[in-house]
Amino acid sequence: MSTVPSKSSGAEAAEAILSLAQELQPICRSITGDGLRKTLHILGRELPLTIHEIPSGMPVLDWAVPNEWNIRDAYIKNAQGERLIDFQKCSLHVINYSTPIKATMTRTELEPHLHSIPERPDAIPYKTSYYHEDWGFCLSHNQRKNLGDGPFEVCIDSSIKPGALTYAQLVVPGSQPDEFLVSTHCCHPYMANDNLSGIGLSVQLAKRLLKSQPRLTYRFLFIPGTIGSITWLALNDSSRIRHGLVLTCLGDANAFTYKKTRLGNAVIDRVASHVLRHSGSSHATEDFIPYGYDERQYNSPGFKLPVGALMRTPNGRYPQYHTSDDNLDFITPKALAGSYDSLCSIIEIFEHDGKFLNLSPRGEPQLGRRGLYNGSQEETMALLWVLNFSDGTFSLLDIAERAKVPFARVKLAAARLTAAGLLRRLVENEQ
Amino acid sequence: MSTVPSKSSGAEAAEAILSLAQELQPICRSITGDGLRKTLHILGRELPLTIHEIPSGMPVLDWAVPNEWNIRDAYIKNAQGERLIDFQKCSLHVINYSTPIKATMTRTELEPHLHSIPERPDAIPYKTSYYHEDWGFCLSHNQRKNLGDGPFEVCIDSSIKPGALTYAQLVVPGSQPDEFLVSTHCCHPYMANDNLSGIGLSVQLAKRLLKSQPRLTYRFLFIPGTIGSITWLALNDSSRIRHGLVLTCLGDANAFTYKKTRLGNAVIDRVASHVLRHSGSSHATEDFIPYGYDERQYNSPGFKLPVGALMRTPNGRYPQYHTSDDNLDFITPKALAGSYDSLCSIIEIFEHDGKFLNLSPRGEPQLGRRGLYNGSQEETMALLWVLNFSDGTFSLLDIAERAKVPFARVKLAAARLTAAGLLRRLVENEQ
Amino acid sequence: MSTVPSKSSGAEAAEAILSLAQELQPICRSITGDGLRKTLHILGRELPLTIHEIPSGMPVLDWAVPNEWNIRDAYIKNAQGERLIDFQKCSLHVINYSTPIKATMTRTELEPHLHSIPERPDAIPYKTSYYHEDWGFCLSHNQRKNLGDGPFEVCIDSSIKPGALTYAQLVVPGSQPDEFLVSTHCCHPYMANDNLSGIGLSVQLAKRLLKSQPRLTYRFLFIPGTIGSITWLALNDSSRIRHGLVLTCLGDANAFTYKKTRLGNAVIDRVASHVLRHSGSSHATEDFIPYGYDERQYNSPGFKLPVGALMRTPNGRYPQYHTSDDNLDFITPKALAGSYDSLCSIIEIFEHDGKFLNLSPRGEPQLGRRGLYNGSQEETMALLWVLNFSDGTFSLLDIAERAKVPFARVKLAAARLTAAGLLRRLVENEQ
């Protein structure tokens, strides 16, 4: 039996997540390079991570590890030498994976390399060009309007050359070899909700599990999106992964969204739905689609790993998405605390669910003479539900679902009945 | 084939139920004792019941038969010797299973032993204390307000001592040993809807079945709640029970409620839902929960008997519940008649359902030359439904459900087609 | 692989259907006789039909082929010899299968033989009396009101005597022996929607399939209603029919109705529902009932052929039904074109559906380097859906349903992926 504490401290976790996010936000991350490397080493200060460097060119499934991108500086200067657009002020100003350039050019020449959002005139867009050679600047539409006609001194001091792709992992061993995968992408510069929230929650969950002796083995991956999960899947053994979650977009103040696995009725699907249903927060569960985050790779037909995605507002559905408005103000302590609590409730079910056997199954046992009839109506009902359905067929989660009550209540009832000698947990090979 | 009449006379049954209820209401029933014994002997005048006396202390499943409670008199007198509260006027005035007391006391001393309902100031509550030694008086809140300061002469002339638990049963033998259980609790004093309605309906149904030669064997139980079903289950063979119903709360003027078996899709669940759907009355079907009446015991995991509960307003959901307002005015002839008719329709399906074989299955047989094409559109459609689906897979109930018509119409069509040589009933071992 | 063109020309088909309908409308059809025979010979001009003559009296299943009905003339003349009601003007004026009569009679004598619709005073009803000897005239209620008192010269120059029942069929052979049945009744005189629309659509679909080398074998039946399908079923081998559709009432301007097979989840049920869902038109799918058109016979329990019915407004649900108002003005080119397109989309799925195998199933293959990442978001999503679900379990239709997109889009994605070497179609014995 696990010793994971049953009561989480979301508020404390949220504080730690925000503090880490503040430190990580200025670093210019990408799918490779020193920004990603530095990020993972900071996480390595929090957790006993193993950090892997996979050389560029290494074949990984249908792909190859790309060359490493690094950037030192970038700007657009006017004739007076003033930095009109300055990478040092915001890492989003350069298209991620831009090739280097140093040139003087007119506004007309520069124009095709400028990217802004007319509908959102103060926001800088976040753009990438990983697999198509290009360079460009992202700027707010208002900046663009005031840029003037040039000539401009245009500089991107970047390099794309053989190096490595960096990722980190942590395995928290459990009493069972069956694994629960927690995967978070770490490749987005600046973005608070669509990246830092997931990173921070993974770190907090890992720290919590490290203090326990869990039943399941938990594997945490901190990887660049898409190519990171493809690389990990190519080079590692995923055969013990029984359940999993991709964590991202968990800091905004809106409703939860749980995106199901390709299977649609995996245990993680049932558990996440149950937890959100009883979270007291509004939420939606959505069917799997082969688009989104790294769950695309885990759920591909050659792996079929039952990995869902826990989010609040999903990718592309909030106006701040992939702009400089997805910043530290956009994620709230309350939302992060709620996300952490829901995540812990999910883990609690994986740690504690099981089937039990009513040892007095003929009629109701007399609860009164065992001192079990003195609780609230809710508590008594939970005892009756567990007794009636603990015939070896229904798990505690099944019973909680039928009784329409939170898992924790049914779990507590099972503990009281077990203590009273009316119930025993079925061991693995009896189920 | 059964000879149960297909047309019931609900109005006649309702009259008999109300007449019996009037006779039974004043008797102070409990889970043991002379009130229960007298009640069952009155029912024995109506039906050839077997009455069982199970001695106190007898172990029954996880319980033991309790000592027998009897009461002769009880009152609260004022200093003038006037009976302010008088058990002779209403059996609810004493907490059921009160220990005896005879004392003079002040209002302050008496107060903890008084029970009333401020929100329902004219009603006397019905309270019990079977398994916790206590005594007390129930009275209307208005009576309580006018009781004065005392001193009072307080008397409960009761006894709790070894005796017996009494229950009655009747078996109406059918051509098959498979049993249909009809169970009614008989332990509530005074309550008209929550007890007398169920007792009366059971009696009327039993009388009707006794006049027929039914296909199924019907077992009627008249038992005290909870401990009665536990006692019966402990001491009897329940292995031939295939279907069952608990009957109670069937006299109020509100919609039907059918509470399903633990299984959720037992035959009785399908049949009761079908009948209520076509009853012309509003109704609800509810999933099983391990709380309510004796269905809790029958559906416990050591027995798993598929016993549902047919009610109008269930326990605890009407304001008159367990008060003196659940009286003879609260149950209406119309509601009782409707309940009886629905009950008979349920039994009709159990008696007559079956699978048939279309003997001319290739294309539609020519109905016209057999004089079968001259009825109403509804009748013709019923013939076509029965012909098309009588391939040995679908029962008449299945067909009625698909056709969205009452069972009786499909049953009649099957009879006409059988008479015309187009259909034959499959016997047991062909199905 | 089929070479059925994937893009239909509904408008062209509609024009041909209307032109044929104009030619066929004046012919007085019935379930036997020269009108039916002439109709089928006209269809034989369009298609290489086999025309069958089945002699009267031949036993067919539970029926016998009826005597042949023919009619040359019919009228009601007034004393001046004027034709007040004239069969030559409209074939509906005589009850179909009327026995011959020639007599002078008063209005009172004639009255029981007159049929009109008071609620629809300008319409002539369509009535039949196939299996009950009778004669009569159908006329508009206004005609009836102005008929006068007589005496009338009443003449029906008809005959009912041994002859034959005529039906036609066409088999378009496919690369597989599995058959798709398209059945249309041809027995209604005058009715445009409830007959000519179905006949015309069948002809157009057959012509189209004759120009292709389809995968399935398509069997077209042009038969009189009820007795025609019964006769065909009695005398032919239906064992290779795997799917089928009855076509009728497909020219009115209202929403589609697809009536499911008795099975309810046959392939044709899924396909027709999918096509209508993506047709852009409003539509309803209805469960099978054993009433309607020839699907009643095909779905009878002795055959259980999974034959649905594709209609717009079903029989009996439009006020023009079985009256002279179901005429050529009631069917529109747009409705016929839409019906034809939906029909072709249904056939397209039967021709092209199948299961595929993702040949790069571990993670997503890199679409970009194969030039597959340059389409619209819709196209890219279709590629990802096909890749993720092509594990040999899901067919293209399954994938289209999960992705909630039209089959054609998924089919196109599969073609592109196959061309890129990322996918291969499973052959029959791998599925």
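Throughout, a chain's letter reflects where its sequence line sits, starting with A, and its residues are numbered from 1. Only a predicted model underlies this, so the values are computations on that prediction, with no experimental measurement involved. These values consider heavy atoms only, across backbone and side chains, with no hydrogens, waters or symmetry-generated copies.
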| task | Using a heavy-atom cutoff of under 4.5 Å, enumerate the residues of residues 285-316 of chain A that contact chain C, numbered in order, or state 'none'. | result | A:Phe288, A:Ile289, A:Pro290, A:Tyr291, A:Arg296, A:Gln297, A:Asn299, A:Ser300, A:Pro301, A:Gly302, A:Phe303, A:Lys304

| said: If the condition is salt bridge (charged side-chain N to carboxylate O under 4.0 Å, His left out), which residues does A:Glu119 pass it with, not counting sequence neighbours? | reply: none

| said: Can you tell me which residue among C:Leu357, C:Leu383, C:Val386, C:Leu359 is in a side chain to side chain contact (heavy atoms under 4.5 Å, CB included) with C:Leu423? | reply: C:Val386

| Segment of C:Asn388 engaging chain A (4.5 angstrom heavy-atom cut-off) | both

| field | Electrostatic pair C:Arg270:C:Asp353 at N-O distance under 4.0 angstrom | value | no

| request: Please determine which of A:Thr128, A:Asp134, A:Thr32 meets the side chain to side chain donor-acceptor pair (under 3.5 Å) test together with A:Tyr97. | output: A:Thr32

| said: Can you confirm whether the side chains of C:Ser175 and C:Arg215 place a donor and an acceptor under 3.5 Å from each other? | reply: no

| query | Without hydrogens or angle criteria, can the side chains of A:His185 and A:Asp194 be said to hold a donor-acceptor pair below 3.5 Å? | reply | yes

| task | Verify whether one side chain among A:Asp269 and A:Tyr258 offers a donor that lies under 3.5 Å from an acceptor in the other. | result | yes

| request: Indicate whether any N or O donor in one side chain lies under 3.5 Å from an N or O acceptor in the other, for A:Asp326 and A:Tyr126. | output: no

| task | Could you tell me which residues satisfy side chain to side chain donor-acceptor pair (under 3.5 Å) with A:Ser158, sequence neighbours excluded, listed by chain and number? | result | none

| field | chain C neighbours within residues 49-65 of chain A, where any heavy atom lies under 4.5 Å away | value | A:Leu61, A:Asp62, A:Trp63

| said: Checking the side chain of A:Asn195 only, and the main-chain atoms of A:His188 only, is there a donor and an acceptor separated by less than 3.5 Å? | reply: yes

